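These notes are about the structure you will find just below.
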Amino acid sequence: MLNLIHAGQLKAMPARYTSHARDTPLAVIRPLLTCVEEDIAQYAQLSQFPILPCNLCSNQANLQRPQVKLLLSTLEGLNPQAKQNMLRALQTVKPSHLLDQSLREACGMDPITGDGMDEDTDHGDEEDELPL
């Protein structure tokens with residue numbers, strides 16, 4: 001959400017990737033990616049895990065994470081499945097339905113029309129689409 005709102009980019013950190021931000025590549029593994037934050041907090045409390053102070057993320061003033069968290073909470077008030085649906089959307093990308101012409105071309109499609117996608121790959125999934 002932060003990238004979408006503040007950077008104008010549709011991207012997210014995958015469950016496993018290699019970070020090249022330092023001199024030595026670092027494998028990053030996010031095993032709790034699909035877990036709900038409230039479930040993790042409850043498990044941590046039941047397991048009596050120590051709470052370590054953190055001044056790096058949402059505890060700092062003027063950061064966007066608390067605002068996006070509030071936005072997500074509001075969206076869940078409208079649709080309890082909102083977070084799960086957004087995560088699923090990042091896992092079921094349909095390049096023919098996006099505006100990125102370079103992505104379409106990289107997928108072997110016509111960059112303008114999206115034509116040329118393998119018929120077995122995309123059937124439109126009209127029954128899964130929600131009305132606007």
Side-chain angles (χ1 to χ4, degrees):
M1 288 290 287
L2 286 169
N3 283 314
L4 185 66
I5 295 169
H6 296 286
Q9 297 177 338
L10 181 60
K11 67 179 186 176
M13 290 190 304
R16 182 185 164 141
Y17 66 99
T18 302
S19 172
H20 298 279
R22 297 197 164 99
D23 294 334
T24 305
L26 176 68
V28 178
I29 301 171
R30 303 174 64 218
L32 303 177
L33 177 71
T34 60
C35 297
V36 179
E37 183 178 355
E38 292 79 14
D39 291 344
I40 296 170
Q42 182 180 13
Y43 180 78
Q45 184 179 17
L46 291 172
S47 300
Q48 298 180 341
F49 291 150
I51 303 300
L52 303 176
C54 175
N55 295 324
L56 300 176
C57 50
S58 61
N59 294 332
Q60 294 177 340
N62 300 321
L63 288 186
Q64 301 302 318
R65 288 185 188 280
Q67 294 173 335
V68 170
K69 195 171 184 177
L70 177 62
L71 174 61
L72 289 172
S73 176
T74 302
L75 290 172
E76 279 193 310
L78 299 171
N79 177 2
Q81 300 300 314
K83 284 184 188 177
Q84 291 87 348
N85 287 344
M86 285 186 266
L87 182 60
R88 186 174 49 147
L90 291 170
Q91 296 169 334
T92 56
V93 175
K94 296 186 182 301
S96 62
H97 290 60
L98 297 175
L99 301 176
D100 188 338
Q101 292 181 5
S102 61
L103 174 63
R104 288 178 174 193
E105 192 169 25
C107 292
M109 295 183 282
D110 181 280
I112 305 297
T113 65
D115 290 341
M117 179 178 268
D118 184 3
E119 293 299 319
D120 294 333
T121 306
D122 182 18
H123 296 287
D125 295 331
E126 281 80 11
E127 68 275 1
D128 291 342
E129 293 181 10
L130 296 175
L132 295 176

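Excluded from the calculations below are hydrogen atoms, water molecules and symmetry mates; all remaining heavy atoms, backbone and side chain alike, are included. For clarity, every value in this text was computed on a predicted model and none was experimentally measured.
When the shell of 6.0 Å around CD of Q84 is examined, it contains more than 12 heavy atoms from other residues, nucleotides or ligands. For Q45, the CD atom sits in a loose shell: 12 or fewer heavy atoms of surrounding residues, nucleotides or ligands are nearer than 6.0 Å. Around CG of L46, the count of heavy atoms belonging to other residues, nucleotides or ligands within 6.0 Å exceeds 12.
In this structure the side chain of T34 reaches within 4.5 angstrom of the side chain of L87, judged on heavy atoms. Between M1 and H6 there is no side-chain heavy-atom pair separated by less than 4.5 Å. L90 places a side-chain heavy atom less than 4.5 Å from the side chain of L10.
Between atom CE of residue M86 and atom CG of residue L4 there is a gap of 9.5 Å, rounded to the nearest 0.5 Å. Separation of atoms CD (Q81) and CG (L75) is listed at 13.0 Å; rounding is to 0.5 Å.
Taking every heavy atom of both residues into account, D100 and L103 meet most closely at OD1-N, 3.1 Å. What you find for P95 and V93 is that their closest heavy atoms are CD-O, 3.4 Å.
The closest donor-acceptor contact from the side chain of R104 to the backbone of L98 lies under 3.5 Å.
Applying the salt bridge (Lys or Arg N to Asp or Glu O under 4.0 Å) test to residues at least two apart or on different chains, the pairs with a partner in residues 67-84 are E37-K69, E76-K83. Residue pairs meeting the salt bridge (Lys or Arg N to Asp or Glu O under 4.0 Å) criterion with at least one partner in residues 11-29, sequence neighbours excluded, do not occur; the list is empty.
Not counting sequence neighbours, the partners of L33 by the side-chain contact (heavy atoms from CB on, under 4.5 Å) test are A15, R30. Looking at residues two or more places apart in sequence or on another chain, you find a side-chain contact (heavy atoms from CB on, under 4.5 Å) between I112 and Q101, D110. Legend: residues meeting side-chain contact (heavy atoms from CB on, under 4.5 Å) with S47, ordered by chain and number and at least two apart, are Y43, F49.
Residues V36 and L72 do not share a hydrophobic cluster, defined by chaining ILVMFWY side chains whose heavy atoms lie under 4.5 Å apart.
Hydrophobic cluster membership for I40: L32 (Ile, Leu, Val, Met, Phe, Trp, Tyr linked by side-chain heavy atoms under 4.5 Å, directly or transitively).
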- Item | Residues N79, N85; criterion side chain to side chain contact (heavy atoms under 4.5 Å, CB included); working and verdict | CA-CA 10 Å; N79 177 2; N85 287 344; 3.5 Å; yes
